[in-house]
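Down below is the structure, laid out as structure tokens.
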Amino acid sequence: MTDRTGGEHPREPEQPDPTSDAWSAWLPRLDRPESTLPQASGPAPAADATPPLPLPPPTPPVPTLPPGSWRRAGPPTPAPPLPPPLQAQPTYAVSPPSRLGLAILCTVLCFLPFGIVAIVRSVSVGPLWRRGRFGEAEAASRSVLAWCLGAALVWPVLPLLLVVAIFAL
């Protein structure tokens, strides 16, 4: 490499040598052939290369029908009858109690499986009410009470059954 004064100086180690670049063979020639810059020698185009095939002619556009012409000919069909008016649903001012606290107490203090069912049913009261399924929300609220009552009744009976089963063996 030469400096501005024309003298040679050693190449700095961090600068790559442009003549030993392996990737430049893939690049096209951008400088004029008489340029003094180092150029990559890429593969020469083949002399017996076949010319590319001509493109097929474009397909004609599909004819479209004007708006409204797709209907069948004849008299217009009558409109379907209107549905009957909606039956008035009874409106409730207050949602039924979810009894979640009672369900949690039954789960912790009484029979666990019945308490879990009571929790699931109590959590479903609010979403049923918000969807307008008022009867199902009231039924879910009543079923929470029934599951908790069942858990409270099973709780004292279960240990007695276990004691009887142990002494019977």
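Everything quoted here is computed from the prediction, not taken from an experiment.
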C110 side, atom SG; L149 side, atom CG - distance, nearest 0.5 Å: 10.0 Å
Hydrophobic cluster of F167, others only, ordered by chain and residue number, side-chain cut-off 4.5 Å: V163
Residues forming a salt bridge (Lys or Arg N to Asp or Glu O under 4.0 Å) with R133, sequence neighbours excluded: E136
Residue pair R99 / C148, side-chain heavy-atom distance below 4.5 Å: no
Shared-cluster residues of L161, by chain and number - hydrophobic side chains joined below 4.5 Å: V157
Report all side-chain donor-acceptor pairs from residues 51-63 shorter than 3.5 Å, counting only partners two or more places apart or in another chain.
none

Separation between CZ of R121 and CG of L128, rounded to the nearest 0.5 Å: 7.5 Å
Nearest-0.5 Å distance that lies between atom CG in L109 and atom CD1 in I104: 11.5 Å
Same apolar cluster: L105 and V120, side chain cutoff 4.5 Å: no
Taking every non-hydrogen atom, the tightest pair across G115 and A151: N-CB, 4.5 Å
S143 side chain vs A140 backbone, donor-acceptor pair below 3.5 Å: yes
Pairing residues for L112 by the side chain to side chain contact (heavy atoms under 4.5 Å, CB included) criterion, not counting sequence neighbours: T107, I116
With F114 via ring-ring contact (aromatic ring centres under 6.0 Å, His included) - residues at least two apart: F111, W147
Heavy-atom closest contact (P156 atom, L153 atom, distance): CD-O, 3.4 Å
S98 side-chain N/O to V125 backbone N/O, donor-acceptor pair under 3.5 Å: no
